[in-house]
Protein chains: 2
Amino acid sequence: MQIDLLDTFLDLAETRSFHRTAERLRITQSTVSARVTALEQAVGSRLFDRSRAGTDLTPEGKRFEPHARALRHEWNEAKRRIQIPQGASQLMRLGIQNDLAAVYLGDWVARFRAVLPETAFYIEPDYSNQMCADLLTGILDFAVMFSPKPHPDLHFESVGDVTYRMISTETPRLAEITPARFVFAHFSPAFEEMHRQLTPDLATAAVSVGQSGSVVSLLTAMGGSGYVLEKTAADLVAGGRFLMVEDAPDLRQPVFAAIHIRHRTLPLHRKLTQLVARNFG
Amino acid sequence: MQIDLLDTFLDLAETRSFHRTAERLRITQSTVSARVTALEQAVGSRLFDRSRAGTDLTPEGKRFEPHARALRHEWNEAKRRIQIPQGASQLMRLGIQNDLAAVYLGDWVARFRAVLPETAFYIEPDYSNQMCADLLTGILDFAVMFSPKPHPDLHFESVGDVTYRMISTETPRLAEITPARFVFAHFSPAFEEMHRQLTPDLATAAVSVGQSGSVVSLLTAMGGSGYVLEKTAADLVAGGRFLMVEDAPDLRQPVFAAIHIRHRTLPLHRKLTQLVARNFG
DNA sequence: AAGCCGTGATCGGGTTTTCCGATCAATACC
DNA sequence: GGTATTGATCGGAAAACCCGATCACGGCTT
């Protein structure tokens, strides 16, 4: 049994297509076929029903799936649990939404360290989808994200929301802002949707970015208007070059703490959730 | 990551000798070395301290050991959990002490089936040591045995004891029994010890067997004396050829139900333990 | 009905990995 | 100082793995 086989199995269980799995895993279809066959031989049961029109899990395959997840999770847990930075009693790997890292990370980690001085932290800014996948595989212990991806093994908890405000190099009035010089933000699907509804005419903007930092970078370089984090907006306006677009609606993005279901009740994880939630309380 | 590597790691952690592990796993020492290196590379940490004078686990290795056990266990669980006999909702694999199978198995299984009609049973008579190993790897779910082998992952519960009585083809009196025609029984280390203490002069018997069924077979074929299960003794005496050695002390062998620590609190396992215990209540 | 597209299986080959047997260097013990 | 035992290392044989191409089959369109 090799991890490769499990990864292939799980991906195939998701895509239900040898070709798509081959593409996603950057291997050939014949290799997918061989790996699945190898795994089936190892467990002693057929795991997939292959027909000309698609692939599906057999009852055995369905029963095997949670075990495959558990194995992969355990393996990843094992790999990192054994190496702990010297002096620390344990290691926590945190994921943080890309957008939030720049502004909030410092505060959070300072607070974490104060409450958990014995714990070492490894932090990785990333996107929601990737963080959900990493929580599942055990690469991350805890994540703060915008877009929870429902999954039976994941547990999400709302910890508040962050506010985005519109700023501009040109005008403080919403009516005067045109799509041509507007930077549209798609920080998350939910955010994008809200954005479209509240300012439908700006949704046709020529430039669309998925990160608050990038919006700032663009606006600083080329001028124009766009939504940025409240805190960033205040800083930029104080700098003199930017104006707050006062009559533009504020956009609120909900923030979630995410953990693997297995850790839901662990005191350590509860503590972290509380500390993050306090930020928005 | 392959199961082979984990098996090698765990065996090496036990023997602390590359040579002995090679011998036990029927591979060469160089393969053990290569496998350990491969695993170390996979987890990214040195797992063993090798010195000329023996081998020992590094702190990382110590931390990895439970994970390795968990992985192996999960893998074995997965392999068999997915294949369930048709019509049954689940499968339990039971181990039963070799000596007890012939006499008690029928009653037990009948009782199990009555209480758990939806459950399929796979039963394997075996010896205590092997059953302990199988419980650890997840091959067995539940076992009834004479000799619990202490292990952090195993949970034992006393369920009573069985009585052995001495019978003979020759005389009903202990004083007249000689080692020459006596069949010594070593059903378990504890039993053997007790046997030696109570009848020290018979411990030098020419024939020594580890199974009650074999004792019966020997006595039937050649005549003589020896300890057999109480129930068997009664049957044989009723048959006319054998005499009960009335003044010989009865030997009581404690019986234990054994499960993996993970299943200690599962209702199903508790139920089985109760049903077995009722036998001796 | 014929042709086309998409499905997974299979085959030949080159590459990589795995394993063994032998040997080596270093230590423990006599 | 020998001898036995420890794990590491090397070379070659065997096996496993992966890819690319092709095949067989079913569903769809024309």
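Just the heavy atoms: all of them, side chains too, but no hydrogens, waters or symmetry mates, feed the values below. Quick caveat: nothing in here was measured; it's all calculated off a predicted structure. Numbered from 1 within each chain, the chains take letters A, B, ... in sequence-line order.
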Q: Residues two or more places apart in sequence or in another chain: which of them pass side-chain hydrogen bond (donor to acceptor under 3.5 Å, both in side chains) with A:His73?
A: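 If we apply the side-chain hydrogen bond (donor to acceptor under 3.5 Å, both in side chains) test to A:His73, skipping adjacent residues, there are no hits.
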Q: Determine which pairs satisfy ring-ring contact (aromatic ring centres under 6.0 Å, His included) with at least one residue from residues 126-150 of chain B, sequence neighbours left out, and list them in order.
A: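 Every candidate ring-ring contact (aromatic ring centres under 6.0 Å, His included) pair involving residues 126-150 of chain B fails, so no pair, neighbours aside, qualifies.
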Q: Once you apply a heavy-atom cut-off of 4.0 Å, does B:Thr37 come out as touching a base, just sugar-phosphate, or nothing?
A: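 The answer is nothing, as B:Thr37 stays clear of every strand by at least 4.0 Å.
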Q: Is the shortest side-chain N to carboxylate O distance from A:Arg35 to A:Asp11 below 4.0 Å?
A: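 A salt bridge is absent here (no side-chain N lies under 4.0 Å from a carboxylate O).
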Q: Produce a footprint string for nucleotides 15-25 of chain D: one letter per nucleotide, 5' end first; B if the base is under 4.0 Å from any protein heavy atom, S if only the sugar-phosphate is, - if neither.
A: --SSBBB--BB
Q: What pairs with A:His155 under ring-ring contact (aromatic ring centres under 6.0 Å, His included), at least two apart in sequence or on another chain?
A: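 A:His155 satisfies ring-ring contact (aromatic ring centres under 6.0 Å, His included) with no residue once adjacent residues are dropped.
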Q: Restricting to ring-ring contact (aromatic ring centres under 6.0 Å, His included), what partner residues turn up for A:Phe191, sequence neighbours left out?
A: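 With sequence neighbours excluded, A:Phe191 shows a ring-ring contact (aromatic ring centres under 6.0 Å, His included) to A:Tyr164, A:Phe187, A:His195, given in chain and number order.
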Q: Tell me the interatomic distance from A:Asp11, atom CG, to C:dG8, atom C1', rounded to whole angstroms.
A: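 Atom-to-atom, A:Asp11 to C:dG8, this comes out as 16 Å.
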Q: Got a sec, which pairs hit salt bridge (Lys or Arg N to Asp or Glu O under 4.0 Å) with one end in residues 37-46 of chain B, sequence neighbours left out?
A: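 Of all non-adjacent pairs touching residues 37-46 of chain B, those that pass salt bridge (Lys or Arg N to Asp or Glu O under 4.0 Å) are B:Glu40-B:Arg50.
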Q: Could you list the residues that satisfy side-chain hydrogen bond (donor to acceptor under 3.5 Å, both in side chains) with A:Ser212, not counting sequence neighbours?
A: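 Once residues adjacent in sequence are excluded, A:Ser212 has no partner under the side-chain hydrogen bond (donor to acceptor under 3.5 Å, both in side chains) criterion.
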Q: Would you say B:Ser33 places a side-chain N or O within less than 4.0 Å of OP1 or OP2 belonging to D:dG7?
A: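 The answer is no; no side-chain N or O of B:Ser33 sits under 4.0 Å from OP1 or OP2.
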Q: In whole Å, I'd like the distance from the CZ atom of A:Arg46 to the P atom of C:dG8.
A: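 Rounding to the nearest Å, CZ of A:Arg46 and P of C:dG8 are 12 Å apart.
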Q: Taking side-chain hydrogen bond (donor to acceptor under 3.5 Å, both in side chains) as the definition, give me every residue that meets it alongside A:Asp56, ordered by chain and number, with sequence neighbours left out.
A: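 Only A:Arg16 meet the side-chain hydrogen bond (donor to acceptor under 3.5 Å, both in side chains) criterion with A:Asp56.
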Q: How many Å lie between CZ on A:Phe48 and C1' on C:dT7, as a whole number?
A: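 Distance, rounded to whole Å: 15 Å.
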Q: Taking only residues two or more places apart in sequence, or in another chain, which ones meet B:Phe9 in a ring-ring contact (aromatic ring centres under 6.0 Å, His included)?
A: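 ring-ring contact (aromatic ring centres under 6.0 Å, His included) list for B:Phe9, sorted by chain: B:Phe48, B:Phe64.
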Q: Are OP1 or OP2 of D:dT6 and a side-chain N or O of B:Thr55 less than 4.0 angstrom apart?
A: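 Answer no for this pair, as no side-chain N or O of B:Thr55 is under 4.0 Å from OP1 or OP2.
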Q: Identify the two heavy atoms, one from B:Ile96 and one from B:Met131, that lie closest to each other, and give their separation to 0.1 Å.
A: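 Nearest pair, atom of B:Ile96 first, then B:Met131: N-SD, 3.4 Å.
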Q: Rounded to the nearest Å, what distance is computed from the CD atom of residue B:Glu40 to the P atom of nucleotide D:dG7?
A: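 In whole Å, D:dG7 P lies 13 Å from B:Glu40 CD.
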Q: Pull out every protein N or O sitting under 3.5 Å from an N or O of nucleotides 12-14 of chain C, one pair per line with the distance.
A:
none

Q: Among residues 15-22 of chain B, which contact DNA chain D at a heavy-atom distance under 4.0 Å?
A: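 Hits under 4.0 Å, by residue number: B:Arg16, B:Ser17, B:Phe18, B:His19.
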Q: In whole Å, I'd like the distance from the CG atom of B:Leu25 to the P atom of C:dC19.
A: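 Rounding to the nearest Å, CG of B:Leu25 and P of C:dC19 are 11 Å apart.
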Q: Taking ring-ring contact (aromatic ring centres under 6.0 Å, His included) as the definition, give me every residue that meets it alongside A:Phe112, ordered by chain and number, with sequence neighbours left out.
A: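 With neighbours one apart ignored, the set is A:Phe121.
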